[in-house]
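Contents: one structure, followed by commentary.
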Amino acid sequence: MPDLLANLNPEQLAAVTLPNEPALILAGAGSGKTRVLITRIAWLIRQGYASPPTVLAVTFTNKAAREMMARLSALLPIDTRGMWIGTFHGLCNRMLRAHYRDAGLPQTFQILDTADQLSAIKRLMKGLNVDDEKYPAKNLQYFINNAKEQGLRPKDVDATDAFNRKFVELYEAYDQQCQREGVVDFPELLLRCYELLAHNPPLRAHYQARFRNILVDEFQDTNKLQYAWLKLLAGEHNAIFAVGDDDQSIYAFRGANVGNMHDFEREFRVRNLIKLEQNYRSHGHILDTANYLIANNARRLGKNLRTDAGHGEPVRVYESATDSQEAGWIVEEIKALINTGVSRGEVAVLYRSNAQSRTIEHTLVNAGIPYRVYGGLRFFERQEVKHALAYLRLIDNPNDDTAFARVVNFPTRGIGARSIEQVADAARLYNCSMAAAVPYVTGKAGSSLGAFATLIAKMRAETQQMSLPETVEYVVRTSGLAAFYEGEREGQDRLENLQELVNAAAAFVSEEGYGLDTPARSIPLRPGATAVPEIVSDDGEIEVLDAPNIADPAQNPDTMTPLAGFLSHASLEAGDNQAQAGQDAVQLMTVHAAKGLEFTAVFITGLEEGLFPHENSAQESDGLEEERRLMYVAITRAKERLYLSFAQSRMLHGQTRYNIRSRFFDELPEGSLKWLTPKVEAGARWGGRADNAGWGRDWFARPGHERGGSSYPRDEAVSAALPAFANQQRAAESGFKVGQAVFHTKFGEGTVTALEGSGGDARAQVRFKRHGEKWLALSVAKLQAVE
DNA sequence: GTGTCAGCGCTTTTT
DNA sequence: GCGCTGACAC
């Protein structure tokens, strides 16, 4: 089929048409990785080597899964419904829903997101009287999630000291609490699913027989548990087609294990390793810059990107005195880009940490340039939305104490902390849910609690036959949430979001293909529905149906109610996290958030030691290599223009910090760079590094090394500089003039470019011939006027 | 039960 | 420098 394989380069073609054997595709940035993955699936099906139900394709984000689905349907005229395409969590959820009894879960089990999990942990610790100072809830959360991602249950964790034993004990109590409440957290979805397959041979055999074509995107981001889950599904005979890029592994901090790539190669005896090195995104100088940099990493599978595009523009580098001056320069460059016809949406400003966005935002606002910041609260994470969802959860599952605690007194109905504690105590005493414990609490508190219980019971009864959107709307009204926000001065946005939640429910119903009036809380029987794909494989292997506890698909074509599906959807897909979409706007985001995206012009900002590479990464093993990969990801986002900038001083955590430029500059090819400010040789900076042992390069060499305070020492008493134009009129007082030639004992000859302050605070900005631009305190610096 | 204020922490993030 | 959390006062 020439149309499908047309325009593939030889490596891509080879990857797409590999035999059904384990394969590892090392796909560099911009090498057409997604295209290969999608074309591979399409090719397998068109050739008749695979039928849709034998395909399982897994990604990390819903966005990637959606994109894969969309592009695949565009490529294939056939129904892609039989395929399992989704995130690890989404697919595990699907499997657990289908086999909830085997997995030991209630049919209506709910998914806790990270915030729900933390509040569940806090509630647990309060009930057990655990000192939050000694055992912070956040640390316990990390401990639990980490253990689960390693595949470890409490009994499997090796606790060497009393402290860890306490954590293990709490981990166990937490798991019991979740089990009683019928809720699972994110890592539990994966671990539960893994155990389901591991402990149930007929079920495992069924899925292994079914998924003969397993494809994994972003393989370098998989953690140990995800890899183990994949191995279980692959069994002895199924081929895994893994696509990834070790150079773009930037998620070690959340458990990603690049080592999985190497393990996969070894354990599956991968004979088909294909490198996609042809880059279709960036111009030559940009690509050279990326290649040079990443070559400094020791442990790589090895790859070098090439392009047919010309060299293009050199990479521009700019040094500034302060972060606000850096922002000013960025804005000027953006204006120039826009003038040359680049649209705002094709310009991205990247930074290492979110805190850096503010200065840039301010400057953009002042310049009147529309921008969009990625990150921040997402739709389903908003408090009013979470409140509404909590009511829905409580209706569906009375045992969900997290939901109960969240809304028992919201909107306020006279139930105080004391009463809630009484309920929690009673629940513990009788080993039941908080909702069930309400009758045990008597007195005045009992009556308001009773009213709440009555309200929930009423909601549960009255929504019995309602459709999902009707249910959501009913709950928003009956719970009192709508009335509450109507009364709030700032409640308008929240009200709109609640309305949006009703719309989201309607959209969900239509996307899932339910009838509009399908009751939200019963398992729908769709007319003409075929057997559930997860039970019967395409070639009619149905012997597994005789196994105990496997639902009869003829009776239950769906495995969850629309409401349960919607609640899962809300947890698994928290929604868009972009601010106001729509308008053509400059894109601001962290480097992490930029992964997978591309822009005509990219600014990488704050390239300073301690910031990028980040100082905290020095403590982590391989931290510096991960930072370098992060820089590699940042560089490879750019198509035509790349700008790198750093500032001598920067406001951070309310303090001015003085930084030196990132070591990454020393790892870039000089021939591809164009310094807009003079490049200062490393040895010449601040009078030489020898005077400053213990900072700069050294802190990376010594893990855990403490630097005094949070700001770097400096041998010139240079204070944070205001914009250069500020106080030029003070020139006469200081004895210097802008434009005047001067001489400094360390930096040599230069020209005054700005002056500010007076008396002991007088400062001059000087552009030195060999050392670039610096702010100098005139009372300290030995600066002489040159006639 | 609601409002205020001090204290804390602060890299990156998806599910 | 800022936003969130928890303790305490009214």
Side-chain angles (χ1 to χ4, degrees), chain A residues 58-65 86-93 111-119 122 126 132-133 136-138 142 145 148-149 184-191 193 217-218 221-223 225-226 249-256 323 350-359 362 374-378 380-381 383 409-420 445 448 568-575 577 589-596 606 610-620 623 626-627 629-631 633-634 650-657 710:
Chain A
V58 60
T59 63
F60 276 86
T61 65
N62 293 297
K63 198 177 153 207
T87 62
F88 281 99
H89 293 83
L91 297 181
C92 286
N93 179 47
I111 301 164
L112 298 183
D113 68 17
T114 310
D116 293 334
Q117 183 190 30
L118 186 62
S119 66
K122 282 183 178 166
K126 214 170 208 162
D132 187 76
E133 300 265 290
K138 272 217 168 87
Y142 175 81
N145 289 347
K148 288 188 181 182
E149 278 164 10
V184 297
D185 55 44
F186 285 135
E188 181 74 23
L189 278 174
L190 298 181
L191 184 52
C193 189
D217 192 17
E218 306 276 20
D221 287 338
T222 51
N223 64 32
L225 181 55
Q226 287 159 340
S249 164
I250 56 172
Y251 286 114
F253 72 91
R254 65 176 201 212
D323 48 352
L350 309 185
Y351 34 81
R352 176 66 178 81
S353 65
N354 287 301
Q356 287 165 251
S357 76
R358 200 185 310 131
T359 317
H362 273 159
Y374 282 69
L377 260 200
R378 304 157 86 199
F380 286 109
E381 291 167 355
Q383 68 145 338
N409 195 38
F410 195 97
T412 46
R413 42 178 74 91
I415 300 170
R418 241 348 272 289
S419 321
I420 297 173
S448 23
S568 291
H569 169 80
S571 303
L572 289 176
E573 188 162 1
N577 64 359
M589 67 191 84
T590 64
V591 179
H592 283 92
K595 193 181 165 208
L611 207 64
F612 199 179
H614 198 277
E615 55 199 331
N616 291 6
S617 63
Q619 266 89 307
E620 292 148 23
E626 174 124 336
E627 293 290 305
R629 290 192 291 267
L630 200 48
M631 179 69 184
V633 167
R650 176 177 301 278
M651 197 62 147
L652 204 65
H653 308 320
Q655 268 184 321
T656 304
R657 282 176 51 142
S710 63

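Quick note: numbers below take in every heavy atom, side chains included, and nothing from hydrogens, waters or symmetry partners. Protein chains get the first letters and strands the later ones, always in sequence-line order, with residue 1 at the start of each.
- Contacts of A:Phe88 with the nucleic acid, taken as non-hydrogen atoms under 4.0 Å apart, are absent.
- Counting any heavy atom pair closer than 4.0 Å across all strands shown, A:Asn409 reaches no nucleic acid atom.
- The residue A:Ser571 sits apart from the nucleic acid: no heavy atom pair falls under 4.0 Å.
- Within the structure, a side-chain polar atom (N or O) of A:Arg378 is placed less than 4.0 Å from OP1 or OP2 of B:dT15.
- As rounded to whole Å, 14 Å separates atom C1' of B:dT11 from atom CZ of A:Arg254.
- Picking from B:dT13, C:dG1, B:dT15 the nucleotide with the shortest atom distance to the side chain of A:Thr114 gives B:dT15.
- Aromatic ring orientation, A:Tyr251 versus A:His592: tilted (interplanar angle from 30° to 60°).
- Remark: A:Asn93 is not in phosphate contact with B:dT15, judged by side-chain N or O atoms under 4.0 Å from OP1 or OP2.
- The aromatic ring of A:Phe253 stacks onto the base of B:dT12, its centre lying under 5.5 Å from the centre of the six-membered base ring with the two planes under 30° apart.
- Comparing C:dG1, B:dG1, B:dT15 against the side chain of A:Met651 picks out C:dG1 as the nearest.
- Residue side chain A:Thr61 does not reach the base of B:dT15 through any donor-acceptor N/O pair under 3.5 Å, judged by distance alone.
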What verdict does the salt bridge (Lys or Arg N to Asp or Glu O under 4.0 Å) test give for A:Glu627 and A:Arg352, after you've listed the backbone C-alpha separation in whole Å, the side-chain angles of each residue and the deciding distance to 0.1 Å? CA-CA 10 Å; A:Glu627 293 290 305; A:Arg352 176 66 178 81; 2.7 Å; yes

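- Looking at the side chain of A:Ser353, the nearest of the listed nucleotides B:dT12, B:dT13, C:dG1 is B:dT12.
- Spacing between atom CG of A:Leu118 and atom C1' of C:dC4 amounts to 13 Å, rounded to whole angstrom units.
- Checking C:dG1, B:dT15, B:dT13 against the side-chain heavy atoms of A:Phe186 singles out B:dT15 as nearest.
- Comparing B:dT11, B:dT12, B:dT15 by their nearest atom to the side chain of A:Thr590 picks out B:dT12.
- Between A:Asp221 and A:Lys595 a salt bridge is recorded (basic side-chain N to carboxylate O distance below 4.0 Å).
- Rounded to whole Å, atom P of B:dT15 lies 12 Å from atom CD of A:Glu218.
- For A:Lys138 and C:dC4, the NZ to P distance is 12 Å, given to the nearest whole Å.
- Put simply, the side chain of A:Val591 does not reach to within 4.5 Å of the side chain of A:Ile250, judged on heavy atoms.
- Of the possible donor and acceptor atoms, none in the side chain of A:Thr359 sits under 3.5 Å from a partner among the backbone N and O of A:Asp323.
- For B:dT15, the base is not stacked against the aromatic ring of A:His89, per a cut-off of 5.5 Å between centres and 30° between planes.
- If you measure from atom OH of A:Tyr251 to atom P of B:dT12, you get 11 Å, rounded to the nearest angstrom.
- Rounding to whole angstrom units, NE2 of residue A:His362 and P of C:dG1 are separated by 12 Å.
- Per the geometry, NE2 belonging to A:His614 stands 15 Å off C1' belonging to B:dT13, to the nearest Å.
- Distances shorter than 4.0 Å separate some side-chain N or O of A:Asn62 from OP1 or OP2 on B:dT15.
- In this model, a donor atom of one side chain and an acceptor atom of the other lie less than 3.5 Å apart for A:Gln356 and A:Ser353.
- Across all strands shown, A:Glu620 has heavy atoms under 4.0 Å from base atoms, whether or not it also approaches the sugar-phosphate.
- Distances from the side chain of A:Lys122 to the nucleotides C:dG6, B:dT11, B:dT15 place C:dG6 closest.
- Between the P atom of B:dT12 and the NE2 atom of A:His592 lies a distance of 9 Å, rounded to the nearest Å.
- For A:Thr412, counting side-chain heavy atoms from C-beta on, the closest listed nucleotide (B:dT11, B:dT12, B:dT2) is B:dT2.
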